[in-house]
Amino acid sequence: MSERYHIKETEKKWQKVWQDRKSFEVTEDTTKPKCYVLAMLPYPSGRIHVGHVRNYTLSDVVARYKKAIGFNVLNPMGWDALGLPAENAAMERGTHPADWTYANIKDMKAQLLSMGLAIDWSREVATCHPQYYKHEQKMFLEFYKKGLAYRKESMVNWDPVENTVLANEQVVDGKGWRSGAPVERRKLYQWFLKITAYADELLAGIQTLERWPEKVRVMQENWIGKSQGAQFNFDLTTTSGQIAVYTTRPDTLFGASFVALAADHPMAKTLCAGKAGFDDFIKQCQANGTSEAAIEQAEKIGFDTGHKVAHPFIAGKELPVYLANFILMDYGTGAIFGCPAHDERDFAFATKYQLPMIRVIDGAGDLPFTEDGTLINSEWLNGLTTDAAKTAAIQKLESLKIGQGITKYRLRDWGVSRQRYWGCPIPLVHRIRDGAIIPVPDDQLPVELPHDINYDLPGNPLDRHPTWKYTTCPETGEPAIRETDTCDTFFESSWYFLRYLDPRNTQTGFSSTASKYWMPVDQYIGGVEHAVLHLLYSRFFTRALRDCGYDVPDEPFAGLFTQGMVTHATFQDTDGKWLYPTEVTIEGSRATKISDGSPVTIGSITKMSKSKKNTIDPQDIIDTYGADAARLFILSDSPPERDLEWTESGIEGAWRYINKIYRHVIDTKELFQGMSSEKPANFSAGAQNIRRATHKTIDLVAKDIDAFHMNKAVARIRELSNLLVDIKDIKDDSERWALREGYETLIQLLAPMVPHLAEELWSELGHTTLLADTPWPVVDPALLVADTITLAVQVNGKLRATITLSATADKSEAEKIALSDDNVKKSLEGLSVKKVIVVPGRVVNVVAG
RNA sequence: GCGCCCGUGGCGGAAUGGUAGACGCUACGGACUUAAAAUCCGUUGGCCGCAAGGCCGUGGGGGUUCGAGUCCCCCCGGGCGCACCA
């Protein structure tokens, strides 16, 4: 009788062995090809969630597999440790953000360790550590000196109660997400990184990202949003001056019926000075947040400035100048000409303010007509196509010396300023005498966050700290004030993958040697929610570092995989209150509350979220079923790019499988006692069958892992184990040898998925070296070729029989055997054979009529 | 609105244009047990048939092909992304 598998003890045991033997610690080893496997670093909330487990299981399978096939694999882990949640916790519970963060890191690390990940923990980094942000501050200053970091006034979402700037995501229905106060649009001095300087390069680089999902590449392209058009000036006729506009449709200029400026356009105030209703209009525009959703929902409203401009192509024609809320100051020139006949927004605006609509593109269909066509009502442009008319119009604007063809981007510079404490301080000081901005010298970095802060008042604790910000100018020794803005936390995550390469270097963020060896990341794995911002910022950051003299490739991530979400059913009690899955018991299709047996409604299956309480704590799962079961279930149930539905029965199935394999190996291993390790010269038919299945599985599993088809890889492994487990008696020594080869291979193939079980069984089979250090089994190609094959036989495309024949049989032989099959003959009764199609190894199709 | 992805048993999902439903979950029947759990054996797309076997079947409709879940066109349903970007 076999022993039970002691999951917890066994998993702990091997975790300790791997740690003690530094199995996954690596250095730059030029004798081996390198493979940099990277999982997106977690925010240390204190608890891992199932999404983390999925992410790190996937990266672990890749890391362990790549190591087995001979790569020097770097698989690091760290903590995205700065940011708002620590400050919220500090405000709610009176803890210090640093204490809260480091305590969370400790808890979460213990949880990750219990997953048995093949991580080089010696490279662990926390972005809140001064030795991390020290190098980041140096990079900021290098960007500053190169003109890639600059300060300008810009519009922000201002929460008047919290006294801080809110990100767009923190504005809900025009109100601050915490305070509930209406958000104002305010102008503030903010720090920016000049990502727009790299717009073209970032766009072109997308073409080289062959191992990125198409979806993500398209999203980045859209985000960069390159457009070609014309920029030109309208002369004001009612006062002196000009209005610059940008358009992608210079061909429709003869259809222009108004000019509109953004409400916050610099000329708005001067044009409207003293006009009744102007202040109200501006207030109305400001009432809406800066979020794109908020702007979209707003009705189009305008304000007639009373001023007019001259049409550049039509002598004597004047167009009214409006302010309009749908014009964005941040795009183009913040001003447009409106052509209501051929633009939906202009059409809506013109309808409301009863402005003329002049059709200049011929075509069927009602106005607004936004497709290309042939020009009409446009003097010298008449008869031209849209494209030709664009070129002609731009030429004319250039010859009149009032404008030119131009390329614009939707991408805006990256605002990195946050009026927050728990972020990386921007290492600059403002000299009081003249307001000069002076970099903090390298030898004074890092500019550390002060520890003694309080949250008694709203706003930025750095700004009201009694001493921290008061300093002296490093150049003159005069009084100066530190910059109190800290960096957006996307700043830390834009280069953490470089810090992993050389994490304890005190002189520089990372060495050239390390970067040249390890970069780029070969396989990056994470959630699709970072498809644009994090990934685009990182791509920009490496280029900016490159231009500051660092040894980094243009593209940091050669391969990217984005995993799906983890979902779970939702439960509600009779009062409609959400219940945790642990509060509910399910029998068949009926669910009841454990506490009082009352009925429970099973709701939709959605992304796990705290608000709907449909969450599973991975630690509970690991404690109950073990890390291997959790890993196996996550890998086997769905393709990794799709959503995964977490089910109790699924995790139990994985747990059963692990116990079953353990039992069978323990029960079978006596068979292998004392047998020779020498490969038999001849194999019996039975042995040959086992070996074919074994080697076919090695081949398929490797291909599946390479293609990220982890669910299929698991299915193949289960097929092999089903076959091995069904072998009840051994007929000869060659079969015994083949069976041992089968079991050993099974264990090796299982290792990336369920490493603890595999390591345990490997040692049970008498191996004294670690499976983690054992190379992947080698396929014998001769065993991938079967000696007999099964062919489908169709009559007029319908399956009528299957025939088995020798692999060496030729087409005519296959045809002969197919036509002599009884069932095929029956189907052909009364018909004459017209043609026989034989696809070797696949099918015989008899066409008859 | 634009772009992309997806629709296959009760469920998750497999199928280089070539035997649809691999692998698993659930459910049901049986063995073992005083009993239960665990485990093991079997059945599990629908319909007809004692069986051999047959018919139908991959959201719906058309098409290409010897052959379509897979390719093309139209429609329906679901998801994701983008969006006053001039």
Side-chain angles (χ1 to χ4, degrees), chain A residues 2 4 213-219 221-223 225-227 229-230 245-250 252 260 292-293 295-300 324-328 330-339 342-346 348-349 370 408-412 528 531-532 564-565 588-589 605 632-633 636-639 641-645 647-654 656-657 659-660 663 709 711-719 721-722 725 790-803 822-823 826-827 834-849:
Chain A
S2 56
R4 249 189 91 234
E214 178 64 19
K215 174 173 72 166
V216 175
R217 298 195 309 205
V218 169
M219 282 162 77
E221 257 175 53
N222 290 341
W223 191 263
K226 185 175 184 170
S227 72
V245 299
Y246 173 67
T247 180
T248 55
R249 294 299 301 273
T252 63
E292 274 158 356
I295 291 167
E296 179 199 347
Q297 275 154 15
E299 194 199 349
K300 284 177 186 46
N325 67 337
F326 67 95
I327 307 302
L328 306 174
D330 292 332
Y331 189 79
T333 60
I336 61 140
F337 75 81
C339 177
H342 303 291
D343 182 282
E344 282 173 28
R345 297 148 300 174
D346 298 347
F349 191 79
T370 55
K408 287 271 180 194
Y409 299 90
R410 197 188 86 101
L411 181 70
R412 298 175 212 172
V528 75
V532 177
M565 299 183 299
S589 59
I605 296 156
L632 183 62
F633 168 61
S636 61
D637 223 47
S638 289
E641 69 279 8
R642 267 195 239 176
D643 287 354
L644 168 74
E645 187 194 344
T647 59
E648 291 305 309
S649 51
I651 183 74
E652 274 169 23
R656 275 201 299 272
Y657 179 74
N659 284 290
K660 176 171 139 181
R663 252 191 342 264
H709 295 157
N711 58 324
K712 284 165 66 182
V714 173
R716 300 293 170 217
I717 292 172
R718 292 185 92 129
E719 262 177 308
S721 59
N722 286 346
V725 157
T790 306
L791 280 190
V793 183
Q794 301 175 333
V795 175
N796 289 332
K798 278 186 189 282
L799 181 74
R800 292 301 172 196
T802 56
I803 55 173
D822 285 347
N823 214 36
K826 210 174 91 188
S827 305
K834 295 194 168 145
K835 195 164 139 190
V836 180
I837 292 152
V838 182
V839 182
R842 289 287 175 191
V843 78
V844 178
N845 191 11
V846 183
V847 184

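Proteins come first, then strands; the chains are lettered A, B, ... in the order of their sequence lines, and each starts at number 1.
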Is Lys408(A) positioned over the aromatic face of Tyr246(A), cation under 6.0 angstrom from the ring centre and no more than 45 degrees off axis? yes
Taking the P atom in each of rU8(B) and rG59(B), what is the distance between them to the nearest angstrom? 6 Å
At 4.0 Å (heavy atoms only), tell me whether Gly650(A) reaches a base, stays on the sugar-phosphate, or touches nothing. nothing
More than 12 non-hydrogen atoms from neighbouring residues, nucleotides or ligands closer than 6.0 Å to CD on Glu344(A), yes or no? no
Quick one: does Gln794(A)'s side chain get under 4.5 Å of Val844(A)'s, heavy atoms only? no
Mind checking who rC2(B) pairs with, Watson-Crick or G-U wobble, both distances under 3.5 Å? rG81(B)
Whole angstrom is fine here: how far is it from NZ in Lys215(A) over to P in rC4(B)? 14 Å
Using atom C1' of each nucleotide, how far apart are rG30(B) and rC76(B) to the nearest Å? 46 Å
Taking the side chain of Met219(A) as its heavy atoms from C-beta onward, which of rU26(B), rG81(B), rU19(B) lies nearest to it? rG81(B)
Begin from the C-alpha positions of Lys798(A) and Asn796(A) and carry the test side chain to side chain contact (heavy atoms under 4.5 Å, CB included) through to its verdict. CA-CA 6 Å; Lys798(A) 278 186 189 282; Asn796(A) 289 332; 5.9 Å; no
Looking only at heavy atoms, which two atoms of Ser827(A) and Arg800(A) are closest? And how far apart? OG-CD, 3.1 Å
Base of rU19(B), side chain of Arg800(A) - is there a donor-acceptor contact under 3.5 Å? no
Need the pair for rC25(B). Rule: Watson-Crick or G-U wobble, both distances under 3.5 Å, any strand; none if unpaired. rG10(B)
Partner lookup for rU44(B), please. Criteria are Watson-Crick or G-U wobble with both distances under 3.5 angstrom; report none if nothing qualifies. none
Lys226(A) has an atom NZ; how far is it from atom C1' of rG3(B), in whole Å? 20 Å
Only counting residues at least two apart or in another chain, list the ones meeting side-chain contact (heavy atoms from CB on, under 4.5 Å) with Pro840(A). Lys811(A)
Answer yes or no: does a side-chain N or O of Tyr246(A) lie under 4.0 Å from OP1 or OP2 of rA86(B)? no
Which letter, B, S or -, goes with each nucleotide of nucleotides 6-13 of chain B from 5' to 3', with contact meaning a protein heavy atom under 4.0 Å? ------SS
One should read off an interatomic distance between Leu411(A) CG and Lys226(A) NZ, to the nearest 0.5 angstrom, of 12.5 Å
By salt bridge (Lys or Arg N to Asp or Glu O under 4.0 Å), Arg217(A) pairs with (sequence neighbours left out) Glu214(A)
Whole-Å distance separating the CG atom of Asn325(A) from the P atom of rC85(B): 13 Å
With a 3.5 angstrom cut-off on both distances, give the Watson-Crick or G-U wobble partner of rG67(B), or none if there isn't one. none
Pairing check on rA35(B): which nucleotide meets the Watson-Crick or G-U wobble criteria with it, both distances under 3.5 Å? none
Determine whether the side chains of Ser721(A) and Tyr657(A) contain a donor N or O and an acceptor N or O closer than 3.5 Å. yes
rC66(B) base to Asn845(A) side chain: any donor-acceptor pair below 3.5 Å? yes
Among the nucleotides rC66(B), rG18(B), rA86(B), which one has an atom lying closest to any side-chain atom of Lys835(A)? rC66(B)
Starting at OH of Tyr331(A) and ending at P of rC82(B), how long is that distance when rounded to a whole Å? 17 Å
Could you pick out which residue, Val847(A) or Asp346(A), lies toward the 5' side of RNA chain B when each is mapped onto its nearest nucleotide? Val847(A)
Find the distance Lys798(A):NZ to rG57(B):C1' and express it as a whole number of Å. 11 Å
With sequence neighbours left out, what residues match Phe349(A) under ring pair (Phe, Tyr, Trp, His ring centres under 6.0 Å)? Phe258(A), Tyr322(A), Phe326(A), Tyr353(A)
rC55(B) and rG1(B), which share atom name C1', separated by this distance in whole Å: 46 Å
For rG9(B) and rC47(B), measure between their P atoms and round to the nearest Å. 15 Å
Partners passing salt bridge (Lys or Arg N to Asp or Glu O under 4.0 Å) against Arg345(A) (at least two apart in sequence or in another chain): Asp343(A)
Determine the contact category for Asn659(A): base if any of its heavy atoms lies under 4.0 Å from a base atom, sugar-phosphate if only primed atoms, P, OP1 or OP2 are that close, otherwise nothing. nothing
What integer distance in Å separates Arg410(A):CZ from rA86(B):C1'? 14 Å
Touch check for Gln794(A), heavy atoms < 4.0 angstrom, all strands: base, sugar-phosphate only, or nothing? base
Could you check how far CE of Met565(A) sits from P of rG79(B), rounded to whole Å? 11 Å
What string of B, S and - do you get for nucleotides 39-46 of chain B 5' to 3' if you count protein non-hydrogen atoms under 4.0 Å? SS------
Whole Å only: how far is the CZ atom of Arg249(A) from the P atom of rA86(B)? 11 Å
